[in-house]
Amino acid sequence: MPELPEVETIVRGLAPRLQGQQIVQARYWPSRVFRGEFPPELAGAVVWQVSRYGKFIVARCDRGFLGIHLGMTGKLLFDAAPQKHTRAFWEFSEFRLVLEDIRQFGRVLWGEQLPEPIASLGPDPLEVPREEFVQRARRYRTSVKGLLLNQQFLRGLGNIYADELLFRARLHPERRTEELSPAAWERVWTEMRHLLLEAIALGGSSISDYVNTAGRKGSFQREHRVYAREGEPCVVCGSPIQKTVLLQRGTHYCPRCQRL
DNA sequence: AGTATGACCTGATGGC
DNA sequence: TGCCATCAGGTCATAC
């Protein structure tokens, strides 16, 4: 579900409440969310810092790193009563943080060091310098949308923001990366920053069920120019927005503004 | 090594 | 009303 702006919004809700607080106890229900090693009990651990690594939420504790990925349907809520799809909770002295995840595409990780695959993700889209972004982009030979979705290239973009970014940069999603000039990549870098900063300012996009830790929806979905706008007029030229499937993901674009 | 393709889950929606 | 197919903010393992 959540991409960079949604995870950033969640982290901003979590950080002030968790930082400096001690975990009294944790509870995990068996599910696919815990692949491999089960996270330790964590009773007594103190959270020092909560931050975002791409789409991962990372709590740095006195004894290690707790990483949470929300997959497609994950939610972190304060003080929710456990129900059918509750996968875990962490109890603090004043509140309880509850992880719900219907489809179980989310993940909970633990490590004394920053665990994989978090540690080997690409740079953050809002931190990567322009020159480094261009250099990295030119190493790949794939479709430009495929590259934007590749978390080793850049961490945090997903299907919505890839489509929205390609519209703003006027690039067809299937354009080959090796054909793009450095100037074109610089345009992508600039548009990417604007897009993500605007989306964060509006609390991210809520398509069906995304909510922040306060249970509130974001409003950036109202600003979408192509995503989920199939058949509606392009905001620039009026042509109907098209939807196709690329890399098994719904892909939205303007056939006139984004030519191959 | 980089890239493309099913597989993994559950629930909502729409057509018949 | 019910059944079935399709679709969904994401990876991940496998095969070329």
Side-chain angles (χ1 to χ4, degrees), chain A residues 1-11 29-36 52-57 67-76 83-87 99-109 115-122 125 136-166 173-179 195-196 198-200 202-212 216-231 243-252:
Chain A
M1 151 181 63
E3 305 179 34
L4 187 153
E6 292 76 39
V7 177
E8 179 64 28
T9 302
I10 290 166
V11 164
W29 280 261
S31 82
R32 243 181 72 86
V33 166
F34 312 101
R35 278 161 275 186
R52 177 181 60 73
Y53 282 76
K55 301 173 195 171
F56 281 91
I57 298 154
I68 300 171
H69 194 298
L70 297 173
M72 293 278 257
T73 52
K75 294 178 194 173
L76 282 171
Q83 42 85 19
K84 186 176 174 188
H85 301 300
T86 300
R87 310 300 177 190
L99 172 67
E100 294 178 3
D101 186 359
I102 294 172
R103 291 176 72 183
Q104 305 182 51
F105 285 175
R107 260 183 113 163
V108 177
L109 302 165
E116 292 295 349
I118 303 175
S120 60
L121 293 171
R136 292 177 60 84
R138 305 197 82 203
R139 287 189 217 151
Y140 293 82
R141 316 181 101 249
T142 183
S143 65
V144 63
K145 176 159 180 179
L147 182 61
L148 294 179
L149 292 176
N150 182 344
Q151 304 294 300
Q152 320 302 329
F153 167 59
L154 215 57
R155 60 182 195 241
L157 293 177
N159 205 38
I160 292 179
Y161 295 98
D163 282 5
E164 292 296 320
L165 173 53
L166 291 170
E174 291 181 80
R175 271 300 287 279
R176 299 294 304 180
T177 54
E178 61 267 33
E179 292 174 358
L195 171 69
L196 295 174
E198 285 171 35
I200 290 169
L202 292 181
S205 305
S206 292
I207 300 303
S208 63
D209 58 356
Y210 159 72
V211 289
N212 64 21
R216 298 200 51 188
K217 290 175 178 284
S219 59
F220 191 71
Q221 66 279 5
R222 295 190 206 125
E223 310 298 322
H224 291 176
R225 299 177 189 172
V226 287
Y227 186 83
R229 291 192 70 243
E230 183 184 12
K243 181 181 179 187
T244 55
V245 176
L246 178 58
L247 305 171
Q248 289 140 214
R249 310 300 304 274
T251 296
H252 314 74

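Note that the structure is a prediction, hence the values are computed from the model and not measured. Convention: sequence-line order gives letters A, B, ...; per-chain numbering from 1.
Taking only side-chain nitrogens and oxygens, R141(A) never comes nearer than 4.0 Å to OP1 or OP2 of dA1(B). One finds no side-chain N or O of S143(A) lying less than 4.0 angstrom from the OP1 or OP2 phosphate oxygen of dT3(B). Here K55(A) reaches the OP1 or OP2 of dG10(C): one of its side-chain N or O atoms lies under 4.0 Å away. Phosphate proximity of dG11(B) to H85(A): present, with a side-chain N or O under 4.0 Å from OP1 or OP2.
Mapping K84(A) and Y140(A) onto DNA chain B via the closest heavy atom, the residue that lands nearer the 5' end is Y140(A).
dT11(C) has no stacking from F105(A) on its base ring, since the centres under 5.5 angstrom apart and planes within 30 degrees of parallel are not both found.
Side-chain atoms of R87(A) never come within 3.5 Å of backbone atoms of Q104(A) as a donor-acceptor pair (strictly under, hydrogens ignored). Under a 3.5 Å cut-off, the side chain of R136(A) and the backbone N or O of F153(A) do form a donor-acceptor pair. The closest donor-acceptor contact from the side chain of Q151(A) to the backbone of G156(A) lies under 3.5 Å. Not a single donor-acceptor pair under 3.5 Å links the side chain of T73(A) to the backbone N or O of D101(A).
The nearest whole Å value for the distance from the CG atom in L147(A) to the P atom in dA1(B) is 18 Å. One can place CD of E100(A) at 16 Å from C1' of dC9(B), the figure rounded to the nearest angstrom. Spacing between atom CG of L109(A) and atom C1' of dT11(C) amounts to 12 Å, rounded to whole angstrom units. When the C1' atom of dA13(C) is taken as reference, atom CZ of R35(A) falls 11 Å away, rounded to whole Å. Atom NZ of K217(A) and atom P of dG9(C) are 15 Å apart (whole Å). Distance L246(A) CG to dG6(B) P: 14 Å, rounded to the nearest Å. The interatomic distance linking R176(A) (CZ) with dG2(B) (C1') rounds to 10 Å, in whole Å. Rounded to an integer number of Å, the gap from CG of L149(A) to P of dG10(C) is 7 Å.
Residue R155(A) is classed as having no contact, given no heavy-atom separation below 4.0 Å to the nucleic acid.
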Encoded 5' to 3' (Watson-Crick or G-U under 3.5 Å; [ ] crossing; | other strand), DNA chain B becomes .|||||||.|||||||
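Distance check on atom C1': dA12(B) versus dT11(C) gives 22 Å, rounded to whole Å. For the C1' atoms, the distance linking dC12(C) with dG11(B) amounts to 22 Å, nearest Å.
Listed by chain and number, the residues in a side chain to side chain contact (heavy atoms under 4.5 Å, CB included) with A228(A) amount to none (sequence neighbours excluded).
At a cut-off of 3.5 Å, with distance as the only test, no side-chain donor of K243(A) or T251(A) sits close to an acceptor on the other residue. Looking only at atom types and distance, the side chain of Y227(A) has no donor-acceptor partner in the side chain of S205(A) under 3.5 Å away. Side-chain N/O atoms of T9(A) and N212(A) include no donor and acceptor closer than 3.5 Å.
Distances were taken from every side-chain heavy atom of Q151(A) (C-beta onward) to each of dC9(B), dG11(B), dT11(C); the shortest belongs to dT11(C). Checking dT10(B), dG9(C), dA4(B) against every side-chain atom of I160(A), the shortest atom distance belongs to dG9(C). Set against dC12(C), dG10(C), dT10(B), the side chain of Q104(A) has dT10(B) as its closest nucleotide.
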Could you go through E6(A) and Y161(A), starting from their C-alpha distance and side-chain angles, then the distance that decides it, and tell me whether this counts as side chain to side chain donor-acceptor pair (under 3.5 Å)? CA-CA 11 Å; E6(A) 292 76 39; Y161(A) 295 98; 2.6 Å; yes
Salt bridge (Lys or Arg N to Asp or Glu O under 4.0 Å) between R52(A) and E8(A): does it pass, once the steps are laid out? CA-CA 6 Å; R52(A) 177 181 60 73; E8(A) 179 64 28; 2.7 Å; yes
Pair F105(A), L70(A) - check side chain to side chain contact (heavy atoms under 4.5 Å, CB included), show working. CA-CA 7 Å; F105(A) 285 175; L70(A) 297 173; over 6 Å; no
Taking N or O atoms only and anything under 3.5 Å, show me the protein contacts with nucleotides 5-8 of chain C, one pair per line.
residue	atom	partner	partner atom	Å
dA8(C)	OP1	K243(A)	NZ	2.7
dA8(C)	N3	R103(A)	NH1	3.1

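With a glycosidic angle further than 90° from 0, dG6(B) counts as anti.
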